[in-house]
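Right, one structure below, let's go through it.
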Amino acid sequence: MIERVLEIKKARGCAVLQLESGVLRVPLSLLRERPVRAGEVLDTQAYRLFIAQRGYTHALDHAVRLLSLCDRSENEVRRRLLDSGYPAACVDRVIEKLYEAELLDDEAYAQRWAQSRAHKHGRARIERELTRRGVSREVAQSAVSELSDEEQLADAVRLTGKFLARTQGDFNRSLYNRTLAMLARHGYDADIARRALQIIAEGKDETPDDGDDAE
């Protein structure tokens, strides 16, 4: 199909070509390899074929760069590649290659994420964070299940102590409920939240203060 390129806009990782029939997202590295300019008449079918044929190598390089910057789930890598304009079939091949090379592993990713967040959040919030990042619920639940009750309780006690230290007035029913709500926002279950409050009330908390992260 022959049509004119009306406008070209830059987006993250790609250029968005505004065509007479719609838009075409082109990875920046491929655009540099075969430049297109606004006002040019383009054979869009041939250009899409070029992206499909050359996309795999470019997409694999892009994915490796993404993973070198920070830990990512499969879904995060997939979404970034698709948003950059790589065809779905090309992205599927890249994901498969990354698993073969052991550069992707959602189970290991979920475990690392859970451990890194466990010092200030409960299981429920960590599980929500993982599912928002595209990790399956089953994998997310498995990762948070490895967090011990003892460590979760110790962190809940620490947050509770900080929260109550900033409040004024008597520890009444209203403050009790507000504290439970704070712990719920952090993802701690009701049993751990109540036990944390009990420990604080009995004056048994000896957890050192290591920062202000209570909400």
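Just so it is clear, the model here is predicted, and its values are computed rather than measured.
A distance of 10.5 Å separates OG1 of T131 from CG of N75, quoted to the nearest 0.5 Å. Put simply, CZ on R133 and OH on Y109 are 5.5 Å apart, with the number rounded to the nearest 0.5 Å. For the atom pair S21 OG and M1 CE, the distance stands at 4.5 Å (nearest 0.5 Å). Atom OH in Y56 sits 9.5 Å away from atom CG in D61 (nearest 0.5 Å). Taken to the nearest 0.5 Å, the SG atom of C90 stands 11.0 Å off from the CZ atom of R54. Of the inter-residue distances, the one linking S116 atom OG with E129 atom CD reads 8.5 Å to the nearest 0.5 angstrom.
The hydrophobic cluster containing L147 does not contain Y188, counting ILVMFWY residues as joined when their side-chain heavy atoms lie under 4.5 angstrom apart, directly or transitively. Neither L31 nor V23 shares a network with the other; the hydrophobic side chains, linked directly or stepwise wherever heavy atoms of I, L, V, M, F, W or Y lie under 4.5 Å apart, form separate groups for each. When hydrophobic clusters are built by joining Ile, Leu, Val, Met, Phe, Trp and Tyr residues whose side-chain heavy atoms come closer than 4.5 Å, directly or via intermediates, I8 is grouped together with L19. By the criterion of side-chain heavy atoms lying less than 4.5 angstrom apart, applied directly or through intervening Ile, Leu, Val, Met, Phe, Trp or Tyr residues, I199 is grouped together with M182 in one hydrophobic cluster. Residues L104 and V135 do not share a hydrophobic cluster, clusters being chains of Ile/Leu/Val/Met/Phe/Trp/Tyr side chains in contact below 4.5 Å.
The two residues Q152 and A118 make their nearest non-hydrogen contact at NE2-O, 3.9 Å. The two residues R123 and V144 come nearest to each other via the heavy atoms NE-O, 3.3 Å. Closest approach of E107 and V139 over heavy atoms only: CA-CG1, 3.8 Å. Summarising the geometry of A143 relative to L130, their closest heavy-atom pair is CB-CD1, 4.4 Å, with the distance given to 0.1 Å. In plain terms, the two heavy atoms of L66 and R80 that are nearest each other are CD2-NH2, 3.4 Å. Contact detail for P27 and I51: the closest heavy-atom pair is CD-CG2, 4.4 Å.
With respect to R25 and D83, no salt bridge is recorded, no charged nitrogen being found less than 4.0 Å from a carboxylate O. Under a 4.0 Å N-O distance rule, the pair R112/D71 qualifies as a salt bridge.
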Show the numbers, then the answer: is there a side chain to side chain contact (heavy atoms under 4.5 Å, CB included) between V5 and R37? CA-CA 7 Å; V5 179; R37 293 176 176 79; over 6 Å; no
Determine whether R194 and L180 satisfy the following criterion, side chain to side chain contact (heavy atoms under 4.5 Å, CB included), listing intermediate values before the conclusion. CA-CA 7 Å; R194 286 192 292 266; L180 287 180; 4.3 Å; yes
Apply side chain to side chain contact (heavy atoms under 4.5 Å, CB included) to S73 and D106, showing your working. CA-CA 6 Å; S73 69; D106 269 10; 3.7 Å; yes
Could you walk me through whether E40 and R4 pass the salt bridge (charged side-chain N to carboxylate O under 4.0 Å, His left out) test, one step at a time? CA-CA 6 Å; E40 181 178 339; R4 190 173 301 279; over 6 Å; no
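The side-chain heavy atoms of L103 and V64, taken from C-beta on, include a pair separated by under 4.5 Å. No side-chain heavy atom of R93 sits less than 4.5 Å from a side-chain heavy atom of K97. Within the 4.5 Å cutoff, side-chain heavy atoms of L6 are placed close to those of E20. Looking at L164 and T179, their side chains come closer than 4.5 Å, going by heavy atoms from C-beta outward. Residues E7 and V16 are not in side-chain contact: their nearest non-hydrogen atoms beyond the backbone lie 4.5 Å or more apart. Side-chain contact between R65 and L69: absent, with no pair of heavy atoms (C-beta onward) separated by less than 4.5 Å. At a threshold of 4.5 Å between non-hydrogen side-chain atoms, the residues E3 and L42 do not count as touching. For the pair L60/L98, a side-chain contact is recorded, criterion being any heavy-atom separation below 4.5 Å from C-beta on.
The backbone N or O of D155 lies less than 3.5 Å from no partner atom in the side chain of E151, so there is not a single donor-acceptor pair. For the pair H62 (side chain) and L81 (backbone), a donor-acceptor distance under 3.5 Å is absent. A donor-acceptor contact shorter than 3.5 Å is absent between the side chain of E127 and the backbone of A124.
Inspection of the E202 and Q198 side chains reveals an N or O donor paired with an N or O acceptor under 3.5 Å. Checking Y99 against E74 by side-chain atom types alone, a donor-acceptor pair falls below 3.5 Å.
Heavy-atom neighbours of E100 CD from other residues, nucleotides or ligands within 6.0 Å: above the threshold of 12. Within a 6.0 Å sphere centred on CZ of R137, heavy atoms belonging to other residues, nucleotides or ligands number 12 at most.
Applying the ring-ring contact (aromatic ring centres under 6.0 Å, His included) test to F50 and every residue at least two apart in sequence or in another chain returns Y47.
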